[in-house]
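What follows is a short report on a single structure.
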Amino acid sequence: MKKLLKIVETIRPTFDEGGKLGLFKPVFEALENFLFSPSTTTLTAPHVRDPLDVKRVMSMVIISLVPSILAAVYFFGLRFFVMVIVTYAAGLSVEAIFAIVRKESINEGFFVTGFLFPLIMPPNVPLWMVALGVMFGVFIGKELFGGSGRNVFNPALVGRCFLGLAYPAKMSASWLSAGSGMTGRIFEYASASSVDAVSSATPLALAKQGEFVSLSHMFLGSVSGSAGETSAIAIIIGGVFLLFTRVANWRTVASTLGAFIVLTAALFAGGAVNYGRLGMLDAVLWHLFAGGLLFGAFFMATDPVTSPTTNAGKWLYGIVIGSVTVLIRNFTGYVEGVTFAILLGNIVAPILDEIVFAVRLRRLRSEG
Amino acid sequence: MKNSRIHTFSTPIEGSLATLTGKYQGLILVGMSRAVSCQRCLSIYFNHNAKDFWDFGSRMKFKGGYNILLKGRPDIQVKVMPEPDELYLPLRSRRFVFSEISVKDGDRVNSGDILAKDPDNHHVPLLAPRAGVVRLKKDKDQIVLEDIAQLEEHADIDEEELSHIEHEMGAAGIKRYRLLTLGAWQFFYDAYTGVLPDPLGTPQAIIISTMNLEPYLARGDAQLQKRLLNFTRGLEQLQSLLEYQPIYLVLPKIESEFADLVRNHIRGYAWVKVMSIPLTYPYDHFGIIARKLGLGHDKGPVWGVRTEGVLATDRALTWTKPCTVRIISIAGTKINSPCHIKVMPGYPIKKIKEQFVFEPAPRLINGGILTGEIIGEETLGLDTECKGITVLPELRDREFLGFARPGWGRSCFAGCYLSALRKKFFERFNTGVRGEGRPCISCNFCEDICPAGITPHLIHKYLYRDLVEEAEQAGTGLCVECGLCSYVCPSKIDLRQQLIDAKKLIEKEKEEIRKEQLRQEEVAKKAAEEKNE
């Protein structure tokens, strides 16, 4: 490794300001600091620092996504990897261009978006749409606001929302029936042209027609849906890991799911909704595992940048997301509402924080 | 309800009477009558039930705080350093600038003589720790003492001024004057601001802490060893400075022989209110304790004194001797047997280095690892306020794929490394920032860890947008500068420095507003006078 470090050190001057490739300094820096931990030292007190950095935080999210990624490959085939590669290529180029223009270093935030985005796409969506969606999401959802850490909306959701509104027909034609058996679709490259690919409606769409997929299928994920959203068990495994590392805040997850469960149960008990043959418990669990709710609650709503910063704010934020999801699913023309609910949550997040801070400041002042 | 309260009040007093020893009997009775006569004390007594009557800490709810698991903490052993040949007394320390030099080059001074004073800090003196010859030319920032000799200590008290003060203020004034001129006053802190309090002022309470929870600072138990009697006598002396104001003694909430010994020693002192607090940094900070006790900033100053201050008070008031020798810690990651050393201000740092440090070019820090300041090459001797020397190796190697390592040996505030599965362990730290600077990702760790209950990342965002007023309203002034927010930040933002800068800026703006108001008032006055004429 010392040799590699030497090579890095010898070519560094070419990327310094005034060097031949000075323009690409952010790209070089990102690569260098990816390979070798940075050499900066503390200048003032405190003289030591916690080992955690943003790279590690983002790595933790990616690790927690592994079960969902594996599930996506098992149920929907190798094409998923191609979607990831396309996402990375398209999104990173937008990110790099902005870093070069701004003369800032490339931020790690995108590495998570690069996995999140294909996971919330229909598995058979055309690749050009994947590229377009992620570029839109990164450009409009993040860079225009000043880059990672300053964005108001979750970039992956912005991209997904854009595609859903701009190409609704293409999106709904891109669902794929999940693979089954020992190998699932692991050895298949399912695409629109392949024979095996069967466009099939998602459980939530079927539910609107009164047809309910069995609960166990929903739990395992062998149903139609967005690549990473179908398998509840994989999401829960990864999500709980994320909660243990404290990267995701448990309050957001608890309040989102709690509000969802309570409101669904209340509507069911009040007779406002009717889920056919399902009983109360089955109905609540079914809706919990359906669509993107779990994925959204564990991986999208918990994005620290776009959620409220205060703990009290997080509780309120989760309640907004959970209940708006229920309302959209049951009382509008859309079959799924998690994307809109979280984006709406992103909008109210700063307001929730303002309210919490106002209350807290009053208390601080009275304390002296 | 009322009856039960009175009942709880009487029980512990009876209990304490049973444990009376002959020696302290009179004192306790005096203390009791004082406590009973004071309305405020009564209300404090009534608010506590019988079980934790003696303990004010058990009702306190602390927030945040964190103990960094570092290797190389000092053990209880105290080593006496050999007598030096020369002393280099820096004229600057954290709080003081001794600009008023009262000796000339070539003067022969006794130990205890005043070498210089700080005119901005109530003329707190810089004392000569040993007899010797003064050299001023060598360096402007320090006084060098040559030909060091350990002679009888001398109390440098101006008799004329003393009689003047006695005339003005009586016996209490003399005591305070002695504390100041004998070097004991520099161990007193204003609990909220950390500055030197006015020696002639009256505090609303004194908080005495036996702890130094910041990593690597001198431990209270090491300083108290074999000096328990001096400590209790110092408490009595402190009490004699006050009228009825309470004294809070902060002890660690641990079960150890030594802690029990201390508790037993002060059991008879009814006027000492004991608080046991958890051993979590920085719960021992005077500002935090004062806030938790409800001693409002606006109700008058609160004095904070540590173990050393109590011992110095005893020395100055009981023996009328100057306080120059102190026990500090020498600790850190690359140290031969971290421990405590008995030294005097001005002790050559080179000598300490020779004996303890084996790392070729480490970082030397004056103070603890979270708030200390780097000791530069130009500083040759210990300053008067040094509480400990911390030695930290500089970062050298760059790890290949460092962020992706499992991290079995890295202790982390969040559980993002494999070490989260491990039992408590201690890590060897170095000066590495361990990451790249990034915009805040609002992870909220700084708020979770903040002991003062403020939101550092929010203030950071306000300051980023130049919203100073909002930053002030968000509680910047409550920051105790413990450094935990900077420590924990994954985006590696130096929040502590930003908060300190913001506090200064706010203070400055307030000062300007005050001046402006005064000026306007004067203008209005003049206008009114002119009108009258």
Side-chain angles (χ1 to χ4, degrees), chain A residues 1-2 4-5 8 29-30 32-60 104-105 107-109 146-150 244-247 249 303-311 314 353 357 360-361 363-365 367-368, chain B residues 68 70 291 296-298 363 365 369-373 390 392 394-395 398-404 407 410-417 420 429-436 438-444 447 453-455 457-458 473-475 478 483 486-492 494 496-497:
Chain A
M1 285 313 119
K2 274 187 181 156
L4 190 62
L5 187 61
V8 168
E29 234 178 39
E32 183 194 340
N33 286 331
F34 179 83
L35 290 175
F36 296 99
S37 52
S39 56
T40 39
T41 55
T42 52
L43 298 174
T44 54
H47 300 274
V48 290
R49 295 294 162 92
D50 195 84
L52 188 67
D53 63 350
V54 176
K55 265 199 185 68
R56 184 76 183 189
V57 171
M58 298 306 171
S59 315
M60 285 293 124
E104 273 179 14
S105 40
N107 216 303
E108 290 84 2
S148 278
R150 304 186 184 110
F244 266 109
T245 61
R246 288 178 74 170
V247 168
N249 198 303
D303 171 19
V305 179
T306 56
S307 63
T309 58
T310 55
N311 289 337
K314 284 190 168 104
D353 266 346
F357 281 129
R360 194 184 293 173
L361 289 186
R363 208 185 308 148
L364 270 184
R365 225 169 288 150
E367 213 178 291
Chain B
I68 304 170
L70 296 140
R291 256 178 76 193
H297 200 357
D298 45 344
R363 178 181 290 189
I365 299 158
I369 202 138
L370 284 157
T371 62
E373 284 158 1
T390 300
L392 200 63
E394 292 281 357
L395 172 76
R398 300 182 67 178
E399 268 181 321
F400 179 66
L401 291 179
F403 75 96
R410 290 179 197 177
S411 63
C412 175
F413 174 70
C416 285
Y417 290 88
F429 278 82
N430 59 31
T431 60
V433 173
R434 310 172 97 177
E436 294 152 273
R438 289 280 180 257
C440 172
I441 56 165
S442 310
C443 63
N444 222 22
E447 193 193 330
I454 54 174
T455 317
H457 71 87
L458 179 75
Q473 292 203 332
L478 295 173
S486 292
Y487 169 78
V488 83
C489 182
S491 294
K492 310 295 169 190
D494 200 348
R496 176 176 183 263
Q497 199 55 47

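All values below were derived from every heavy atom in this structure, side-chain atoms included, with hydrogens, water molecules and symmetry-related copies excluded. Naming: A, B, ... by sequence-line order, numbering from 1 per chain.
By the 4.5 Å heavy-atom criterion applied to side chains, A/Thr310 and B/Leu458 are not counted as neighbours. A/Thr40 is not listed as a side-chain neighbour of B/Lys492, based on a closest heavy-atom distance of 4.5 Å or more. Side-chain contact check for A/Met58 versus B/Phe403: every heavy-atom pair is 4.5 Å or farther apart. Put simply, the side chain of B/Phe429 reaches to within 4.5 Å of the side chain of B/Arg434, judged on heavy atoms. Using a 4.5 Å cut-off on side-chain heavy atoms (C-beta onward), A/Arg49 and B/Asp494 make contact. Using a 4.5 Å cut-off on side-chain heavy atoms (C-beta onward), B/Arg398 and A/Asn33 make contact. Here the side chains of B/Leu401 and A/Phe36 are not in contact, with every heavy-atom distance at 4.5 Å or above.
Each of B/Gly407, B/Gly435, B/Pro490 has some count of heavy-atom pairs under 4.5 Å with chain A, and the biggest count is that of B/Pro490. Chosen from A/Glu108, A/His47, A/Lys55, the residue pairing most often with chain B at heavy-atom distances under 4.5 Å is A/His47. Of the listed residues (A/Val48, A/Val305, A/Val54), the one with the most heavy-atom contacts under 4.5 Å to chain B is A/Val48. Ranked by heavy-atom pairs under 4.5 Å with chain B, the first of A/Ser307, A/Pro304, A/Gly146, A/Pro51 is A/Pro51. The most heavy-atom pairs under 4.5 Å with chain A, out of B/Val488, B/Ile68, B/Thr371, B/Ile365, come from B/Ile365. Counting heavy-atom pairs under 4.5 Å between each of B/Ala420, B/Cys440, B/Ala474 and chain A puts B/Ala474 at the top. Among B/Asn430, B/Ile454, B/Leu395, B/Thr390, the residue with the largest count of heavy-atom pairs under 4.5 Å with chain A is B/Leu395.
Looking at B/Ile369, both its backbone and its side chain come within 4.5 Å of chain A, counting heavy atoms on both sides. Both the backbone and the side chain of B/Cys416 come within contact range of chain A, with heavy atoms under 4.5 Å apart. For B/Glu436, the parts lying near chain A are the backbone and the side chain together; criterion is any non-hydrogen pair under 4.5 Å. Only the side chain of B/Leu392 comes within contact range of chain A, with heavy atoms under 4.5 Å apart. With a 4.5 Å cut-off on non-hydrogen atoms, A/Ser148 touches chain B through its backbone but not through its side chain. Only the backbone of B/Ser411 comes within contact range of chain A, judged by heavy atoms closer than 4.5 Å. Contacts of B/Glu394 with chain A are made by side-chain atoms alone, with heavy-atom separations under 4.5 Å and no backbone atom involved. With a 4.5 angstrom heavy-atom cutoff, A/Leu4 touches chain B only via side-chain atoms. Only the side chain of A/Phe357 comes within less than 4.5 Å of a heavy atom in chain B; its backbone stays farther off.
At distances below 3.5 Å, at least one donor-acceptor pair connects side-chain atoms of B/Asn444 with backbone N or O atoms of A/Thr309.
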Test log, rule side chain to side chain contact (heavy atoms under 4.5 Å, CB included), inputs A/Ser105 and B/Arg438: CA-CA 9 Å; A/Ser105 40; B/Arg438 289 280 180 257; 2.9 Å; yes
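Look at B/Arg410 and B/Glu399 and you find a salt bridge, because one of the NZ, NE, NH1 or NH2 atoms lies within 4.0 Å of a carboxylate O, short of that distance.
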